[in-house]
Amino acid sequence: MKTLQQRKPPSVPRITLGVDLNSGMLAQMQPTAARPVIEFRGVSYGVGDVQVLSGINLQVHPGETLVLLGRSGSGKTTTLKLVNRLLSPTAGEVLVRGVPNASGDVIRLRRGIGYVIQDVGLFPHFTVERNVGLVPRIEGWPEQKVCARVEELLRLVGLSPELALRFPHQLSGGQRQRVGVARALAADPEILLMDEPFGALDPLTRDELQREFLSLQQRLHKTVVFVTHDLREALRLGSRVALMEAGRLVTVLGPQEFVRSTDPWASAYVRAFGDGLESVANRGAL
Amino acid sequence: MNVFRFILHNHEQVLELTLEHLWLVGVSTVFAALIGIPLGIVIARRPGLNKPVLGSANVIQTIPSLALFGFLLPVPWLGERADRLAILALTLYALLPIIRNTYTGIRGVDPAVVEAGRGMGLTESQLLFQVQLPLAASVILSGVRVAVVISVGLATIAAAIGAGGLGEFIFRGLAMVDDSVILAGAIPAAILALAADFGLGWLERRLRAR
């Protein structure tokens with residue numbers, strides 16, 4: 001709870017309780033005021049004899065950006081895919097908005113969750129406009145509303161609406177990733193899952209997109225689960241950082257706590273990334 | 001040249017046999033596509049079925065064509081009319097390239113694209129019709145192209161069982177030991193194959209360009 005106070009997730013100001021939210025009241029009010037949007041309860045996942053995830057317990061609160069940090073093969077992406085049921089846990093359950101996600105219609109579940117992946121996965125035979133407008137269209141929105149929405153979204157992610165008629169291969173990597181974000185936001189989902197979305201970009205473009213992500217998140221207050229192996233990115237973007245190692249959740253800490261943490265895995269990560277992390281961790285809080 | 005004189009003299013018959021030939025190839029290709037594309041889709045989604053299905057299609061391909069026509073001759077309803085028989089045999093031969101290319105085409109769609117689609121909440125049929133099939137279209141079409149070119153050649157043998165087509169000239173020429181009669185069947189058949197290859201190839205490139 002301490003971390004929430006530090007970073008003030010955007011949801012907090014929205015809860016009007018008539019109390020000073022920065023007082024100790026917050027800690028008491030939080031459990032009822034902010035039901036976790038996503039909750040992992042004793043989740044394990046395995047394929048055959050290989051245990052990919054074991055005993056994950058994790059809560060993601062409204063409006064926060066929870067970063068899943070870990071090396072390749074630590075189970076970050078698997079954890080993410082359990083949320084929109086691209087994978088199903090072998091033990092335990094995942095609750096989305098308080099309901100076990102295995103209980104309802106999987107298509108409805110997924111349409112309420114934006115999904116952005118590293119390889120973007122834009123449909124190469126669709127224009128930008130059709131890519132972004134796909135879910136609204138299959139949801140049966142009137143054509144006019146779809147068009148307006150697409151234009152709004154392209155502006156939102158910093159793209160000129162003139163790009164709407166281009167095909168993905170006619171865009172730069174950064175533009176494609178922006179379109180990917182716009183597409184994920186199309187039906188205005190409450191939850192956004194992002195799997196190393198900026199991983200394949202050059203450092204300058206990545207920096208630009210990270211900055212835009214922060215400002216976007218200040219306006220939109222989505223509940224975001226963000227997968228990365230880059231500690232700097234995690235500290236910069238995350239309200240909290242969940243460190244994973246070999247299919248287990250090692251610890252969940254706020255960015256500043258993470259840098260100072262004495263946890264062996266966390267400090268190993270901090271050592272590997274070297275100096276200057278304190279400033280990165282603080283910058284996001286400003 | 002004797003060939004051209006022969007063709008000019010018998011142009012009505014050449015035209016008739018060419019149309020017959022086209023009919024055999026066209027109908028069998030349509031059947032093969034109607035069976036092969038859905039089969040290819042099914043085996044692309046259920047990897048367990050891929051070996052038996054492709055294996056059987058492969059086995060059919062290895063049966064010598066003349067033997068296959070012969071085998072089918074005693075089959076009741078089919079044996080009554082030679083063109084039915086020829087169409088069935090040509091359909092069987094055309095299956096392999098169509099099934100295989102449909103399978104490869106769908107399997108070859110970028111996994112990230114498929115996963116993104118699934119993650120966005122597309123149903124399996126939306127995924128198939130809006131994403132996988134359009135993206136596999138050029139590969140599937142190239143399978144159809146191969147099937148057509150094979151069929152144009154094979155259909156000449158259908159004349160051996162009396163199904164007509166340009167093979168008539170070829171067999172007649174063989175019997176008469178007259179090259180110009182053989183060529184009167186072979187040249188139009190070759191032109192048909194080239195034209196089909198070129199036309200479908202053009203369509204394929206159009207599809208790929210998107």
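Not measured: the values here are computed from a predicted model. To find a chain, count down the sequence lines: A is the first, B the second, and so on, and within it residues start at 1.
With a 4.5 angstrom heavy-atom cutoff, Leu122(A) touches chain B only via backbone atoms. Heavy atoms closer than 4.5 Å to chain B are found in the backbone of Ile113(A), but not in its side chain. Arg183(A) touches chain B through its side chain: at least one heavy atom from C-beta onward sits under 4.5 Å away, while N, CA, C and O do not. For Ile107(A), the parts lying under 4.5 angstrom from a heavy atom of chain B are both the backbone and the side chain.
Around the CH2 atom of Trp23(B), the shell of radius 6.0 Å holds no more than 12 heavy atoms that belong to other residues, nucleotides or ligands.
Side chains of Arg118(B) and Glu124(B) form a contact here, defined as non-hydrogen atoms less than 4.5 Å apart. Side-chain contact check for Arg130(A) versus Val150(A): every heavy-atom pair is 4.5 Å or farther apart.
Among Gln130(B), Glu115(B), Gln126(B), the residue with the largest count of heavy-atom pairs under 4.5 Å with chain A is Glu115(B).
At a cut-off of 3.5 Å, with distance as the only test, no side-chain donor of Tyr115(A) or Asn84(A) sits close to an acceptor on the other residue.
A donor-acceptor pair under 3.5 Å links the side-chain atoms of Arg110(A) to the main chain of Arg85(A), judged by distance alone.
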